[in-house]
Structure formats: structure tokens, C-alpha cells
Amino acid sequence: KAKKPNSRKLKVISLKDTASLTFDKVQGFDFSNDDNRWIAVRFQPTITPGPRGEDAAKGSDLLLYNLITKKSYNLGNISDYKFNKSGQYLAYTVDANGKNGNGIFVMDLATGLTNALENDKANYAKINWNKEGTAFSLLKSKKDKKYKTPIYTLIGIKNIKGNDAELFTYTGLDENQISAGYGISENSIPYWSKDLNTLFFGISKLEKTAEEKEAAKKTTASAKDSTH
């Protein structure tokens with residue numbers, strides 16, 4: 001039997017007039033850093049009866065509540081989110097049923113405009129803003145029939161201006177820059193260098209499926225036979 005996610009109540013109290021607002025079934029919350037005008041409240045995901053498929057949604061509702069105007073905005077199927085340092089931008093990822101609409105998004109909280117930076121039938125995680133809040137990085141994972149575990153791609157985003165942003169991706173499987181048999185690690189959090197010219201990430205060993213190993217052996221054997 002699946003365990004129920006931990007949930008709790010969140011009560012927000014105004015120090016000005018002691019007015020309060022309570023949220024139920026809360027999984028977590030964050031304030032918008034230096035700006036402090038917003039609070040993001042993440043709710044416990046809805047659990048549907050029966051087995052969950054591989055493409056079942058992993059995201060849940062995220063409520064953005066403006067502490068000044070008292071207005072709220074709901075974002076659905078959010079799997080990860082982070083405010084930047086100034087609190088102007090909220091970067092978030094979507095994980096929906098069937099991976100439909102999954103991707104990376106940035107909301108400008110000053111204007112309310114949201115920009116889709118990338119969409120793919122993949123999982124996105126580990127958003128990490130740089131210290132200045134001008135760029136962020138994260139990981140994307142997709143299944144590959146050649147490997148036993150998902151393949152991770154490094155994504156770096158900088159120069160965010162309105163609907164424009166510079167996006168960089170790197171997987172490294174078809175290049176010699178990562179040692180043979182290794183790929184980007186899911187256990188490390190990628191990050192930008194201070195000058196935004198370099199992205200740092202971890203690597204881990206990749207294991208191919210039995211079918212792929214057998215196919216590689218046949219290819220090697222065939223290559224040897226052709227040399228005789």
C-alpha cells in the first residue's frame with residue numbers, strides 16, 4: 001500500500017492588521033526571497049486509486065499568493081520551482097499525465113507573463129539559480145532503450161529578458177568529452193560559474209541493456225571477421 005505524502009496546514013498572518021489565511025494539505029512553501037511580496041504554496045498531490053503508470057503525472061498544484069494584493073494564481077502539475085534572488089522570476093517545471101506539456105517555464109512576477117523555454121516528453125528536476133539570480137540550470141531525463149536507467153541532459157539558461165532567454169543543452173553521449181561509459185549524474189546539482197561561461201555537473205557510470213550489450217558483441221565479432 002502506498003504511503004500518503006506528509007501534509008500540513010499553513011497559516012499566513014498579516015502583521016499589519018492580524019488578518020490570517022489558512023491553507024490545507026500543504027506539502028511545502030517558499031517566499032520570493034528579496035522581494036517578499038509572494039509566497040508559493042505547494043499542495044499535496046492528488047492520489048488516484050489503482051496502479052500508477054510510468055507516464056502518470058508527478059506534479060501537483062502550486063499556488064502563488066501575493067501578500068500585498070491578496071490575489072492568488074494557481075499553477076497545475078508543478079514538479080519543481082525556484083524563485084530567483086530578487087524575486088522577479090519564478091522558474092518552474094511541469095510534469096503532467098502522459099508527459100503532455102512537460103517543460104521548463106519562467107514567470108515574470110512583475111508582469112505576470114510566462115515564457116515556455118523548452119517542452120519535451122521528459123522529466124525535469126533540480127532547478128538551481130546562480131547567486132545573483134540571473135541564470136539557472138537543471139537536469140532533464142528521458143528513457144533510452146539502449147540503457148537500463150534514464151539518460152540525463154544538462155540544461156543551462158541565462159540572459160533572461162522578457163520572452164527571450166539563452167538556452168544551452170548537453171548530454172555528451174555521442175562525444176568524447178565524457179569518459180566512455182559515463183553520462184551526466186542524476187545525483188549532482190548543476191551550477192553556473194560566476195562569469196556564466198561554464199556549467200559544472202557530475203558524471204556517473206551508465207549500464208547498457210542486455211540486448212544492447214549483445215548487439216555490441218555481434219558488431220565487434222563481425223568487424224573482426226571482416227579483417228581476416
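Residues take their numbers from the sequence shown, with the count starting at 1.
- Contact check for D61 versus Q44: no side-chain heavy atoms found under the 4.5 Å cut-off.
- Of the possible polar contacts, one joining the N100 side chain to the N97 backbone as a donor-acceptor pair under 3.5 Å is found.
- Y170 and L167 end up in different hydrophobic clusters when Ile, Leu, Val, Met, Phe, Trp and Tyr side chains are linked at under 4.5 Å.
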What do the steps show when you test V12 against F29 for side-chain contact (heavy atoms from CB on, under 4.5 Å), and what is the final call?
CA-CA 11 Å; V12 180; F29 65 94; over 6 Å; no
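- Under a 3.5 Å cut-off, the side chain of D108 and the backbone N or O of G112 do not form any donor-acceptor pair.
- Between the side chain of S137 and the backbone N or O of G156 there is no donor-acceptor pair closer than 3.5 Å.
- F168 and I160 sit in two unconnected hydrophobic clusters of ILVMFWY residues. Membership requires side-chain heavy atoms under 4.5 Å apart, directly or through other members.
- Interatomic distance, NZ of K148 versus OG1 of T209, reported as 8.0 Å (0.5 Å rounding).
- Within the 4.5 Å cutoff, side-chain heavy atoms of L139 are placed close to those of I184.
- Counting all heavy atoms, side chain and backbone alike, L154 lies closest to P190 at CD1-CB, 3.3 Å.
- Under 4.0 Å is where a charged nitrogen must lie from a carboxylate oxygen, and between K82 and D80 at least one such pair does.
- Side-chain contact, N130 with T134: a donor N or O sits under 3.5 Å from an acceptor N or O.
- Proximity of L75 to Y92: side-chain heavy atoms (C-beta onward) are separated by under 4.5 Å at one or more points.
- The minimum heavy-atom distance between G101 and N119, with the atom names listed, is O-ND2, 3.6 Å.
- In this structure, K142 and I151 have side chains that are not in contact, with every pair of non-hydrogen atoms separated by 4.5 Å or more.
- Ring pair W129/Y89 is parallel by interplanar angle, where below 30° counts as parallel and above 60° as perpendicular.
- Here S79 contributes atom OG and K58 contributes atom NZ; the two are 9.5 Å apart, rounded to the nearest 0.5 Å.
- Heavy-atom minimum distance, Y182 versus K205: CD2-N, 3.4 Å.
- Here L117 contributes atom CG and T93 contributes atom OG1; the two are 11.5 Å apart, rounded to the nearest 0.5 Å.
- Side-chain N or O atoms of N77 include none that pairs as donor or acceptor with a backbone N or O of G59 at under 3.5 Å.
- Panel note: side chain N66, backbone I68; a donor-acceptor pair is recorded below 3.5 Å.
- At distances below 3.5 Å, not a single donor-acceptor pair connects side-chain atoms of W38 with backbone N or O atoms of L64.
- With rounding to the nearest 0.5 angstrom, the OG atom of S141 is 8.0 Å from the CD atom of E186.
- In this structure a side-chain-to-backbone donor-acceptor pair under 3.5 Å is missing from D34 to S86.
- Between K146 and D144, none of the side-chain N atoms (NZ, or NE/NH1/NH2) sits under 4.0 Å from a carboxylate O, so this pair counts as no salt bridge.
- Remark: the D95 side chain and the N123 side chain contain an N/O donor-acceptor pair separated by less than 3.5 Å.
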side-chain contact (heavy atoms from CB on, under 4.5 Å) evaluation trace for Q88 with L109
CA-CA 5 Å; Q88 179 183 355; L109 295 170; 5.8 Å; no
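- Residues I189 and Y191 have side chains not in contact (no heavy-atom distance under 4.5 Å, counting atoms from C-beta outward).
- Under a 3.5 Å cut-off, the side chain of K158 and the backbone N or O of L196 do form a donor-acceptor pair.
- Side-chain contact of S60 with R42: a donor-acceptor pair under 3.5 Å is present, judged by distance alone.
- In this structure, the side chains of S185 and Y152 stay at 4.5 Å or more apart for every pair of heavy atoms.
- Under a hydrophobic-cluster definition in which Ile, Leu, Val, Met, Phe, Trp and Tyr are linked whenever side-chain heavy atoms come within less than 4.5 Å, directly or via other members, L63 and Y81 are assigned to different clusters.
- Contact annotation: the side chain of I104 approaches that of I157 to within less than 4.5 Å [non-hydrogen atoms, C-beta and beyond].
- Residues Y73 and L90 fall within the same hydrophobic cluster, defined by Ile, Leu, Val, Met, Phe, Trp and Tyr side chains chained together at heavy-atom separations under 4.5 Å.
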Stepwise, does the side-chain contact (heavy atoms from CB on, under 4.5 Å) test hold for I39 with L10?
CA-CA 11 Å; I39 181 171; L10 171 66; 4.0 Å; yes
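- Inter-residue side-chain proximity for K70 and Y65 is flagged as met; some heavy-atom pair is nearer than 4.5 Å.
- Looking at S188, its side chain does come within 3.5 Å of a backbone N or O of G202 through a donor-acceptor pair.
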Please evaluate residues T153 and T171 with respect to the criterion side-chain hydrogen bond (donor to acceptor under 3.5 Å, both in side chains), reporting the C-alpha separation (whole Å), side-chain torsions for both, the decisive distance (0.1 Å), and the verdict.
CA-CA 4 Å; T153 297; T171 302; 2.7 Å; yes
Does Y124 form a side-chain contact (heavy atoms from CB on, under 4.5 Å) with I155? I'd like the steps, not just the answer.
CA-CA 10 Å; Y124 297 85; I155 298 178; 3.9 Å; yes
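- Residues F136 and F105 do not share a hydrophobic cluster, defined by chaining ILVMFWY side chains whose heavy atoms lie under 4.5 Å apart.
- In this structure, G76 and V94 approach most closely via the heavy-atom pair O-CG2, 4.3 Å.
- L67 CG to S32 OG: the interatomic distance, rounded to the nearest 0.5 Å, is 7.5 Å.
- Here the CZ-NZ distance, from R8 to K25, works out to 16.0 Å after rounding to the nearest 0.5 Å.
- A donor-acceptor pair is defined here as one N or O able to donate and one able to accept, closer than 3.5 Å; no such pair exists between the side chain of N102 and the backbone of K121.
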Test E118 against K140 for salt bridge (charged side-chain N to carboxylate O under 4.0 Å, His left out), laying out the working first.
CA-CA 11 Å; E118 180 184 285; K140 176 173 79 171; 3.1 Å; yes
